[in-house]
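Values below: all heavy atoms of this structure, side chains included; hydrogens, waters and symmetry mates excluded. The first residue of the sequence shown is numbered 1, and numbering continues consecutively from there.
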Amino acid sequence: MLVNASTLKCATPIRRSRRAIGQAGLGLAVPVLILIVWQWVGQSPDMAGVVPTPVQVARAWYAWIFAPPGMGLNPYQGTWASNVQYSALRVIQGFVLAMLLGIPLGLAIGWSRLVSQTLDPLIQGLRPIPITAWLPFSIALFGIRDMGSIFLIFLGGFYAIVVNTTQGARDVDRNLVRAARMMGASSAQLLRRVVLPAAMPAIFTGLRIGLGISWTAVIVSEMVAVKSGLGYVLWDAYYVGRMDIVLADMVSIGLMGFLSDRLIVIIERRILVWRMLQNH
């Protein structure tokens, strides 16, 4: 049976669309099942007033986003966007600082034996200290201010970035290094044109992990170190017994973390297009 080229060209986009729809359906199946079970559990007499149902959370979330602010009498009406903005700005500032310091330092540690022997033991010794342990130090040093939160976010993202970058620099194919040396590349050219591109997949892995930890750090810091943002709302809502806002806040945090991770993935695909072509 003969099939012309135009038919094949039309079939390919249709096949891709069906595959995309199928993947989206699989991705939504588990969340929908969780919502159904959650609604059923929340409606049971034993859980009444303890666990809000998804419908109750959706109503509270809608009011938190779209309702008029109400002259500050209700902090959970119309204040969602401002709190997301506060948290996102802190994450951006802390994460950018972690990236600007973590990537060059990771490359230096992974590529230079002297730098590795000098700095790697210090980083590996500080890395296991949890973010919460730095809270008293942050408050004592910066007070109840944004800088304390940014400092904790920086720490959260820094270690993931520097460790993954270090590993990426250490795993560079030595044949590429030898070839560059034979072609007369200097140490600076070797680092910029061979080591950095080869380490980029590991660097982006560190960025994704570090960004997720940064969102964790901003919530922890806003519970104690500042008086605004999603973390502050989370603790305040729990304190006054608004569990519907607490769950809406948790969903908001997850959504912001997911969207920021997708942004890193999009940038990675554009920069590492050569890797995608190589894998296919």
Side-chain angles (χ1 to χ4, degrees), residues 57 60-61 64-65 72 75-76 78-103 105-106 122-165 205-264:
V57 173
W61 198 11
W64 188 21
I65 297 173
Y76 312 125
T79 60
W80 182 84
S82 60
N83 284 293
V84 168
Q85 181 181 352
Y86 292 139
S87 295
L89 183 59
R90 290 168 186 140
V91 168
I92 291 172
Q93 291 174 316
F95 182 71
V96 168
L97 287 174
M99 184 173 60
L100 292 177
L101 182 60
I103 292 176
L105 187 59
L122 176 63
I123 292 176
Q124 298 304 325
L126 294 175
R127 186 166 63 92
I129 302 175
I131 298 298
T132 50
W134 288 96
L135 269 171
F137 176 81
S138 173
I139 295 173
L141 186 62
F142 301 107
I144 309 299
R145 297 166 55 192
D146 279 3
M147 195 58 206
S149 179
I150 293 170
F151 169 72
L152 295 174
I153 295 165
F154 162 78
L155 288 178
F158 171 75
Y159 295 116
I161 293 172
V162 73
V163 169
N164 279 273
T165 303
T205 299
L207 292 177
R208 294 182 65 186
I209 297 173
L211 186 58
I213 300 174
S214 295
W215 276 105
T216 303
V218 74
I219 300 306
V220 172
S221 64
E222 287 175 347
M223 286 181 176
V224 180
V226 292
K227 298 299 181 182
S228 61
L230 293 174
Y232 174 73
V233 173
L234 183 71
W235 185 250
D236 185 72
Y238 166 75
Y239 186 75
V240 299
R242 289 293 304 272
M243 291 303 297
D244 52 352
I245 294 295
V246 168
L247 291 170
D249 196 305
M250 292 170 62
V251 175
S252 301
I253 296 165
L255 178 62
M256 296 304 299
F258 174 78
L259 293 176
S260 56
D261 179 77
R262 290 301 91 189
L263 179 60
I264 295 292

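- D249 places no side-chain N or O within 3.5 Å of a backbone atom of I245 that could act as its donor or acceptor partner.
- Side chain of S87 to main chain of L230: a donor-acceptor pair is present (N/O by atom type, distance under 3.5 Å, no hydrogens or angles).
- The heavy-atom pair separating Y159 from L126 by the smallest distance is OH-CB, 3.3 Å.
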* Asked: What's the verdict on side chain to side chain contact (heavy atoms under 4.5 Å, CB included) for I219 and L234, showing C-alpha distance, side-chain angles and the deciding distance?
  -> CA-CA 8 Å; I219 300 306; L234 183 71; 4.0 Å; yes
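- Between W134 and F137, the ring planes are perpendicular. Angles over 60° get that label, and only those under 30° would be called parallel.
- Side-chain contact between I131 and L155 is present, with heavy atoms from C-beta onward closer than 4.5 Å.
- Taking the side chain as every heavy atom from C-beta outward, I150 and V91 never approach each other to under 4.5 Å.
- Residues A88 and W215 come closest through the heavy atom pair CA-CH2, 4.0 Å.
- Across all their heavy atoms, I161 and G206 have their closest contact at CG1-O, 3.7 Å.
- Between the S138 side chain and the G148 main chain, a donor and an acceptor come within less than 3.5 Å of each other.
- A donor-acceptor pair shorter than 3.5 Å can be found between the side chains of R127 and Q124.
- Side-chain atoms of D244 and Y76 form no donor-acceptor pair, as typed in the model, at a separation below 3.5 Å.
- The shortest non-hydrogen separation linking G125 to P128 is O-CD, 3.4 Å.
- Within the 4.5 Å cutoff, the side chain of D146 has no heavy atoms near those of the Y86 side chain.
- Residues V224 and W235 form no side-chain contact, since every pair of their non-hydrogen atoms from C-beta on lies 4.5 Å or further apart.
- Taken to the nearest 0.5 Å, the CG atom of L255 stands 14.0 Å off from the CE atom of M250.
- Contact check for F154 versus L101: side-chain heavy atoms found under the 4.5 Å cut-off.
- A distance of 10.0 Å separates CD1 of I209 from CG of D261, quoted to the nearest 0.5 Å.
- For the 3.5 Å distance criterion, the side chains of R90 and S228 qualify, holding a donor opposite an acceptor.
- In terms of heavy atoms, Y238 sits closest to V246 at N-CG2, 3.5 Å.
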* **Audit row: I153, Q93, side chain to side chain contact (heavy atoms under 4.5 Å, CB included) steps and yes/no** => CA-CA 8 Å; I153 295 165; Q93 291 174 316; over 6 Å; no
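- Between I264 atom CD1 and T205 atom OG1 the span is 11.5 Å, to the nearest 0.5 Å.
- Remark: I103 CD1 to N164 CG distance equals 10.5 Å, nearest 0.5 Å.
- With hydrogens and angles ignored, the 3.5 Å screen pairs a side-chain donor or acceptor of N83 with a backbone N or O of T79.
- Considering every non-hydrogen atom in both W61 and S252, the closest pair reads NE1-OG, 3.2 Å.
- Side-chain atoms of E222 and S149 include no donor-acceptor pair closer than 3.5 Å.
- Atom CE in M223 sits 11.0 Å away from atom CG in D236 (nearest 0.5 Å).
- Classification of the W64-W80 ring pair by plane angle, with boundaries at 30° and 60°, yields perpendicular.
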